[in-house]
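Count residues from 1 along the sequence.
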Amino acid sequence: MSLTGQELISHFKKYCDKYHKLFIPDIPRQTHVADALVGYYSHDEILPAIELYIKSNTGPFLVFDFAVQSKKMVEKVAFEKAATGRFKDIVAQTRKRMVDE
């Protein structure tokens, strides 16, 4: 699924509302920044990174400020996703060993 810059801004606002944080519109640049972000990152990378960014920081929030930290946030989401996958694999292997014994 392809995401537009305007949809990214809508998600940004939605996450700010969800976590009771202040979103500040930055009309001159936010559309261009959002378009650049969706052109660079995939839908599956950018939305969880935005949610993590908003959830773990204090506001107010600007799309531009997220863009500056986007690489770090996307990498953090990918690391957490991989760690969760490894944990689930370990649990499944342990469960299988317990059943086999």
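In the hydrophobic clustering, Phe79 connects to no other residue, as no ILVMFWY side-chain heavy atoms lie under 4.5 Å from its own. Alongside Leu62, the hydrophobic cluster contains Leu22, Ile24 (criterion: ILVMFWY side chains under 4.5 Å).
With sequence neighbours excluded, no residue forms a side chain to side chain donor-acceptor pair (under 3.5 Å) with Lys21. Legend: residues meeting salt bridge (charged side-chain N to carboxylate O under 4.0 Å, His left out) with Asp26, ordered by chain and number and at least two apart, are Arg29. Partners of Lys72 by salt bridge (charged side-chain N to carboxylate O under 4.0 Å, His left out), not counting sequence neighbours: none found. Thr4 meets the side chain to side chain donor-acceptor pair (under 3.5 Å) test with Glu7; sequence neighbours excluded. Take Tyr53 and apply the ring-ring contact (aromatic ring centres under 6.0 Å, His included) test, not counting sequence neighbours, and it matches Phe61, Phe66. Gln69 is linked by a side chain to side chain donor-acceptor pair (under 3.5 Å) to nothing, counting only residues two or more places apart in sequence or in another chain. Not counting sequence neighbours, Glu45 has no partner by the salt bridge (charged side-chain N to carboxylate O under 4.0 Å, His left out) test. With sequence neighbours excluded, the residues that form a side chain to side chain donor-acceptor pair (under 3.5 Å) with Tyr19 are Glu51. Remark: Lys14 pairs with His11 by the side chain to side chain contact (heavy atoms under 4.5 Å, CB included) rule, at least two apart or across chains.
Sequence neighbours left out, not one pair with a member in residues 76-98 passes side-chain hydrogen bond (donor to acceptor under 3.5 Å, both in side chains).
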